[in-house]
Amino acid sequence: MRILQVSAELFPLLKTGGLADVAGALPLALAAAGEDVRVLLPGFPALRAGVHHAAQVAEFRTPWGETARLLYGHIELNARQRIGTYLIDAPALYDRPGNPYEDANRQPYGDNHRRFALLGWAAAQLAQGLDGHWHPEVVHAHDWHAALAPAYLAHAPGGARSRSVFTIHNLAYQGLFGAWAFADLGLPAEAFSIDGLEYHGQVSFMKAGLHYADRLTTVSPSYAREVQTPAQGHGLDGLLRARAGVLHGILNAVDDAVWNPAIDTLIPQPFSMPEGRRMAGKARSKAEVQHALGLAVDARAPLFVLVSRLTEQKGLHLVLEGLDALLAQGGQLALLGSGDAWLQDAFRARAAAAPSRVSATIGYDEALAHRLFAAGDVTLVPSMFEPCGLTQMYGLKYGALPLVHRVGGLADTVVDCTLEDMADGTANGFAFDGFDATAYARAVRRAFALHDRPADWRRVRATGMRQPFDWRAAAAQYIDVYQRALGH
Ligand code: ADP
Ligand code: GLC
């Protein structure tokens with residue numbers, strides 16, 4: 001099957017969150033399954049720099065009448081594996097350093113509707129034959145940035161030559177623009193209606209994806225159910241209920257070549273389960289991180305780690321409210337994150353007040369993220385909502401037991417250490433219901449209680465470290481969805 005993956009970020013070239021990890025792993029898994037997969041990316045400087053041997057395929061008109069170029073080359077994923085990649089060359093739109101969505105003052109760029117309409121537009125042009133040598137049978141668009149692709153295909157003059165699949169990575173980010181933006185999109189007037197991409201008088205890229213795609217997926221089975229409820233549907237639950245028959249929940253996986261403590265070159269000493277109980281590499285990681293971050297170097301103090309965008313979604317006020325109790329029980333906290341100023345300030349202040357027990361690194365640091373999971377005893381992910389969540393899976397792989405709010409993908413990956421689950425051997429972490437300080441504090445107490453029982457702790461940790469979270473399984477499910485989109 002010829003499949004085009006369309007995404008605004010891709011690890012290791014450009015990443016602001018989990019979308020990049022998925023966009024960097026899924027093409028490899030599809031290729032390994034024998035599919036003919038290519039990628040389409042906007043020409044942000046970091047992406048451009050990563051596309052090797054880029055040569056022009058075609059020149060084409062944007063919907064608003066300018067000229068852009070389509071290049072084709074390849075990217076190298078996991079060091080050696082090549083994936084054929086199209087890049088949209090439109091410097092006036094994309095040649096801006098830093099965050100792909102926002103300017104240096106964290107304001108969305110004023111022409112984002114054009115910057116991301118062009119991504120969907122180029123995908124649809126490719127489907128209609130822009131590259132005479134290759135055209136996709138399935139266009140798979142990720143998140144609102146790529147969500148106009150299904151709309152352009154649905155309205156293609158002469159009919160669509162490809163089927164479309166749209167994946168919701170996070171329904172909270174919808175790509176909403178004033179009605180004025182519609183004129184730039186090159187869609188027929190009827191598209192700006194309730195049976196199109198109009199959303200309460202605005203243009204919604206997300207709604208375009210949800211309305212027009214042949215098949216929809218989201219990144220965990222639980223989130224697929226949650227988005228159909230008013231509480232988590234962000235105003236689009238009605239549409240999602242109406243399309244429930246074509247909506248699939250496919251759990252993300254972990255790229256074993258990137259997140260694997262047995263071969264990780266970013267941590268001081270690799271480690272793995274067969275090494276047995278000692279896991280010398282994990283102990284060394286913990287001591288190294290404690291030292292590097294100025295925490296007391298103490299093997300016995302449970303180290304809680306947190307690697308996250310600092311936004312309301314992530315439930316970080318619970319961590320702040322529960323921090324005194326965590327410290328009183330003898331724990332340490334090491335946070336790595338960036339985002340909302342008030343959260344950055346709050347964690348910085350807590351670190352300044354207790355530097356030997358709390359550390360806050362504000363910024364983005366891929367290597368430190370690896371070192372923290374390797375060092376940590378517990379990975380905190382108390383998100384208010386979480387479509388999938390990757391850090392709890394990284395915590396599981398690296399033996400840092402996840403402590404999570406039981407929602408979305410967190411509910412699908414973490415089994416609490418209650419007595420029954422301990423008995424049947426499925427427990428792998430701590431999960432709380434009820435998004436409040438009491439429920440969170442209780443989960444933290446359960447973590448300390450388990451830590452006081454080293455044999456049980458090791459058993460639970462081993463359960464997590466053995467879980468596969470294999471992209472092969474996820475890719476097989478996507479292939480099934482593509483087949484259905486094609487009517488097979
Ligand atoms: P989301 O996509 O909502 O941010 P995920 O858990 O799916 O949440 O993915 C987050 C990804 O971003 C993970 O790979 C995580 O390690 C990474 N990450 C988040 N914040 C940082 C940071 N400050 N430095 C390095 N990596 C980070
Ligand atoms: C989004 C979600 C996150 C998910 C990621 C990758 O950013 O917030 O839960 O893991 O996409 O699918």
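The figures here come from the full heavy-atom set of this structure, side chains too, leaving out hydrogens, waters and symmetry mates. Both ligands and their constituent atoms are indexed starting at 1 by order of listing.
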### Query
Would one find an N or O of Val22, backbone or side chain, under 3.5 Å from an N or O of ligand 2?
no
### Message
When you compare ligand 2 with Lys314, is there at least one nitrogen or oxygen pair between them that comes in under 3.5 angstrom?
### Response
no
### Message
Between Lys286 and Asp377, is the salt bridge (Lys or Arg N to Asp or Glu O under 4.0 Å) condition met? List the steps.
### Response
CA-CA 9 Å; Lys286 181 169 173 179; Asp377 296 299; 2.7 Å; yes
### Query
With no hydrogens and no angle check, is any side-chain donor or acceptor of Gln392 less than 3.5 Å from a backbone partner on Pro402?
no
### Task
Flag the pair Arg371 and Asp264 as a salt bridge only when some basic side-chain nitrogen lies within less than 4.0 angstrom of an acidic carboxylate oxygen.
no
### Query
Hey, is Gly17 one of the residues with a heavy atom under 4.0 angstrom from ligand 2?
no
So is [X] close enough to ligand 1, meaning a heavy atom under 4.0 angstrom away?
X	result
Gln392	no
Tyr394	yes
Gly389	yes
Gly363	yes

### Query
Which of these, Tyr364, Tyr173, Phe373, Phe11, has its nearest heavy atom closest to atom 22 (C) of ligand 1?
Tyr364
Atoms of ligand 1 less than 4.0 Å from [X] heavy atoms?
X	value
Lys314	1 (P), 3 (O), 4 (O), 8 (O)
Gly17	2 (O), 4 (O), 11 (C), 12 (O)
Asp21	13 (C), 14 (O)
Gly337	23 (N)

### Side-chain donor-acceptor pair present, Asn170, Gln313, cut-off under 3.5 Å
yes
### Query
Is the distance between the ring centroids of Tyr101 and Phe116 under 6.0 Å?
yes
